[in-house]
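Here the structure is laid out as structure tokens; the discussion comes afterwards.
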Amino acid sequence: MGKRLPRVLLKRGPIRSIGVVGMGYVGIPSAMLFADANAFEFVWGFQRNSGTSGYKIDMLNRGENPLKGEEPGLDALIRKVTDAKKFKCTADYSKIASCDAVTVTIQTPFADAKRLEPNFEPLVAGLNEIGTHMTEGTLVSLESTVTPGTTMGLARQTLEEASGMVAGEDFALAHAPERVMVGRLIRNLQEYDRIVGGIDAASMQRAVELYNPLLTLGAIIEMSATEAEVTKTAENAFRDLQIAAANELALYCEAIGVNVYTVRSGIASLKGEGITRAVLFPGAGVGGHCLTKDTYHLVRGAAISGRASDYPLIDNSLFVRARTVNDFMPTHMYHLTVAGLARVRKTLHNARIAVLGWAFIPNSDDARNPPSAAFRDLLVKSGARVMVHDPYVRVDAAINLSHDLEDVMSGADAIALFTGHDAYRSLDASEVKKETGHPHPVAVDGRNVIDPDRFIQSGFIYKGIGRGDKNDHPVMH
Ligand code: SAJ
């Protein structure tokens with residue numbers, strides 16, 4: 001650690017002004033919480049004035065919330081801090097010169113996940129802007145989910161080249177990954193423990209000074225910047241792995257003709273001191289913006305670290321295998337649909353299939369990387385006509401997405417449940433059958449939301465993920 005940085009930070013004094021780069025699901029709530037904290041005087045929200053998201057600048061400056069979906073407390077907080085003139089959104093990155101601390105909340109998608117090719121372009125562009133304008137003693141805190149090694153590598157190099165300064169000597173650098181979830185952004189930022197990884201002790205201390213005022217129930221957990229990057233990507237890789245284990249168990253139970261949910265609750269009964277069996281839920285696949293990419297960031301960290309090790313790179317990684325299992329589930333739903341139709345001597349060619357649920361999580365409009373998309377592609381390739389329903393996701397003619405459930409189910413040879421929206425839990429089997437107009441429509445349940453016996457009794461051909469006990473039921477006439 002450089003000797004100079006502690007002196008530089010002492011001279012700069014406490015953090016008073018903060019810059020948050022990237023006004024998205026993470027940047028907006030954190031900027032508002034920083035602005036609302038008594039410890040700080042002012043927050044700049046930085047947003048590129050691009051065609052797709054430039055509109056957020058004026059909205060935020062009018063005290064309006066550009067994020068879709070319900071976010072408890074956020075609307076009021078945006079109005080409060082803009083009225084109090086403690087927050088302003090701008091596309092003018094030169095204001096970074098007045099910020100004591102700058103957090104970076106820019107998305108880090110993959111260009112090609114399977115080939116471990118991330119798209120760090122937006123991140124590097126943001127870091128260049130920061131490097132160009134930041135002043136001595138600034139703390140830069142990278143919050144985006146990145147490949148382990150990025151903070152000490154690409155981020156540090158970009159900031160040093162753009163600023164002509166040295167990290168750990170002239171400016172502080174840390175990685176403090178976000179753990180927010182749609183629908184509970186504010187609460188997560190205040191109540192979850194915050195992983196803070198400084199590149200050195202002085203950077204760590206400065207980052208703790210920045211994040212402490214945000215926390216109500218959460219505590220700061222200190223570690224190195226690279227350990228923080230591994231923690232974030234691994235916590236999602238582990239969740240993906242647990243889901244994959246549940247999915248493989250479901251396929252197993254179908255193979256031997258038993259009910260995976262009975263087995264699941266049997267396993268969960270083994271508990272007690274130090275015993276855990278976190279069996280998550282099998283389903284039609286894993287979507288969203290986190291679990292679908294963070295495993296590849298984790299594995300890529302080992303691939304680019306340059307260290308010789310026994311780590312089983314991408315082809316043999318357990319975590320990547322889990323991704324393959326989860327990505328197979330929409331194909332399994334396709335196989336169940338084909339098998340269901342075959343029982344009434346139908347094929348997918350010209351069949352009408354109703355997909356119920358496009359959002360990747362229940363009761364949400366978030367449709368990032370939805371497993372239903374892979375399913376729809378397979379159906380279209382097989383010559384089926386696909387109608388999609390989702391009560392939350394906006395209507396989309398390109399995928400025949402309608403909010404009219406009756407219309408979507410009308411004439412359907414099969415319905416496939418992809419999202420566990422509450423609305424689907426109350427579907428009445430005889431009503432649905434009437435809508436389809438067929439004596440033996442197929443029902444494929446990817447989220448365990450319908451009662452198999454009710455649908456079977458009504459004449460449906462039922463197929464459910466993990467329902468080996470029901471999937472070969474006799475057809476009721
Ligand atoms: N899923 C299953 N079975 C399960 C749980 C989820 O198939 O038992 C599927 C969901 O249907 C969805 C996908 O996995 O398609 C992802 O679901 P998720 O609940 O993990 O939601 P995410 O992607 O929003 O994950 C976020 C993560 N949070 C952050 O990255 C900050 C994750 O770490 C959290 O554990 C998760 O929220 C959460 O617990 O809500």
Side-chain angles (χ1 to χ4, degrees), residues 24-27 29-30 69 71 105 107-109 143-146 176-195 218 228-251 260-261 264-265 267-268 277-298 319 322-323 325-330 332-333 355-375 390 392-393 416-422 424 445-449 464-466:
Y25 277 100
V26 183
S30 55
E71 286 302 339
T105 60
Q107 288 201 20
T108 53
E143 295 192 5
S144 310
T145 303
V146 289
E178 51 79 15
R179 282 172 155 176
V180 295
M181 287 149 231
V182 167
R184 22 190 192 174
L185 300 175
I186 296 279
R187 199 156 57 85
N188 286 158
L189 282 168
Q190 293 175 318
E191 297 179 4
Y192 276 176
D193 287 350
R194 191 78 196 233
I195 305 287
E229 292 164 331
V230 177
T231 300
K232 170 63 190 178
T233 49
E235 72 189 16
N236 280 345
F238 267 71
R239 182 168 172 83
D240 197 55
L241 184 61
Q242 288 173 305
I243 296 169
N247 281 332
E248 181 161 321
L249 182 63
L251 297 174
V260 72
Y261 296 97
R264 181 181 178 279
S265 48
I267 295 170
R277 294 288 186 284
V279 185
L280 290 181
F281 293 91
V286 170
H289 188 65
C290 310
L291 276 60
T292 52
K293 78 176 186 332
D294 291 359
T295 291
Y296 295 113
H297 274 304
L298 177 69
F319 299 125
R323 288 275 62 242
V325 170
N326 291 335
D327 283 350
F328 171 71
M329 296 315 281
H332 180 55
M333 287 287 286
V355 176
L356 272 52
W358 193 256
F360 83 91
I361 39 178
N363 310 319
S364 159
D365 68 347
D366 196 334
R368 289 178 289 180
N369 303 310
S372 38
F375 177 69
D390 193 292
Y392 301 94
V393 176
L417 291 133
F418 255 84
T419 313
H421 290 319
D422 290 347
Y424 301 143
D445 189 356
R447 297 289 177 196
N448 191 34
V449 288
I465 284 188

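Whatever order the structure lists ligands and atoms in, that order sets their numbers, starting from 1.
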If every non-hydrogen atom of Ala237 is compared with every non-hydrogen atom of Leu298, which pair is closest and at what distance? CB-CD2, 3.8 Å
Can you tell me the protein heavy atom closest to atom 7 (O) of ligand 1 and the distance? Arg447 NH1, 3.3 Å
Residue, atom and distance of the protein heavy atom nearest atom 17 (O) of ligand 1 read Ile361 CG2, 4.0 Å
For residues Ala228 and Pro177, report the shortest heavy-atom separation together with the two atoms involved. O-CG, 3.9 Å
Please check this pair: side chain of His297 against backbone of Thr108, looking for a donor-acceptor N/O pair closer than 3.5 Å. yes
Going by the atom numbers of ligand 1, which of them fall below 4.0 Å from some non-hydrogen atom of Gly287? 12 (C), 13 (C), 15 (O), 16 (C)
Only heavy atoms of Lys232, strictly under 4.0 Å: list the atoms of ligand 1 that pass. 29 (C), 30 (O), 31 (C)
Starting from atom 4 (C) of ligand 1, locate the nearest protein heavy atom and write down its residue, its atom name and how far away it is, to 0.1 Å. Phe281 O, 3.6 Å
Interfacing atoms of ligand 1 (cut-off 4.0 Å, heavy-atom, Asn236): 27 (C), 30 (O), 32 (C), 33 (O)
Shortest protein heavy-atom distance from atom 40 (O) of ligand 1, along with the residue and atom involved: Arg184 NH2, 2.7 Å
Taking salt bridge (charged side-chain N to carboxylate O under 4.0 Å, His left out) as the cut-off, I'd like each qualifying pair that reaches into residues 237-249, sequence neighbours left out, listed once. Asp240-Arg323
I'd like to check whether Val286 has a polar contact with ligand 1, where a contact means an N/O of the residue lying under 3.5 Å from an N/O of the ligand. no
So, is Arg179 polar-close to ligand 1, with some N/O to N/O distance under 3.5 Å? no
Nearest protein heavy-atom contact for atom 26 (C) of ligand 1: which residue, which atom, what distance? Met181 CG, 3.8 Å
Atom 12 (C) of ligand 1 sits nearest the protein heavy atom Phe360 O, 3.2 Å
Would one find an N or O of His289, backbone or side chain, under 3.5 Å from an N or O of ligand 1? no
Shortest reach to atom 9 (C) of ligand 1 by a heavy atom, considering only Pro177, Gly285, Gly357, Gly446: Gly285
Would you check if Thr145 and Thr233 make a side-chain contact, meaning some heavy-atom pair closer than 4.5 Å? yes
Any heavy atom of Thr145 under 4.0 Å from ligand 1? The part involved is neither
Return the residue, atom name and 0.1 Å-rounded distance of the protein heavy atom closest to atom 25 (O) of ligand 1. Leu291 CD1, 3.8 Å
For Cys290, state whether at least one heavy atom is located under 4.0 Å from any atom of ligand 1. yes
Which residue pairs pass the side chain to side chain donor-acceptor pair (under 3.5 Å) test with at least one member in residues 184-195, sequence neighbours excluded? Glu143-Arg194
If you scan protein heavy atoms around atom 5 (C) of ligand 1, the nearest is Arg239 NH2, 3.5 Å
Please tell me whether Phe238 and Phe319 form a close aromatic pair, meaning their ring centres lie under 6.0 Å apart. yes
Least distance between heavy atoms, Lys232 atom then Glu178 atom: NZ-O, 2.9 Å
Over all atoms of both residues, closest heavy-atom pair of Tyr424 and Gly357: OH-N, 3.2 Å
Would you confirm whether Asn363, through its side chain, and Asp422, through its main-chain N or O, come within 3.5 Å as a donor-acceptor pair? yes
Residues Asn369 and Thr292: closest non-hydrogen pair is ND2-OG1, 3.5 Å
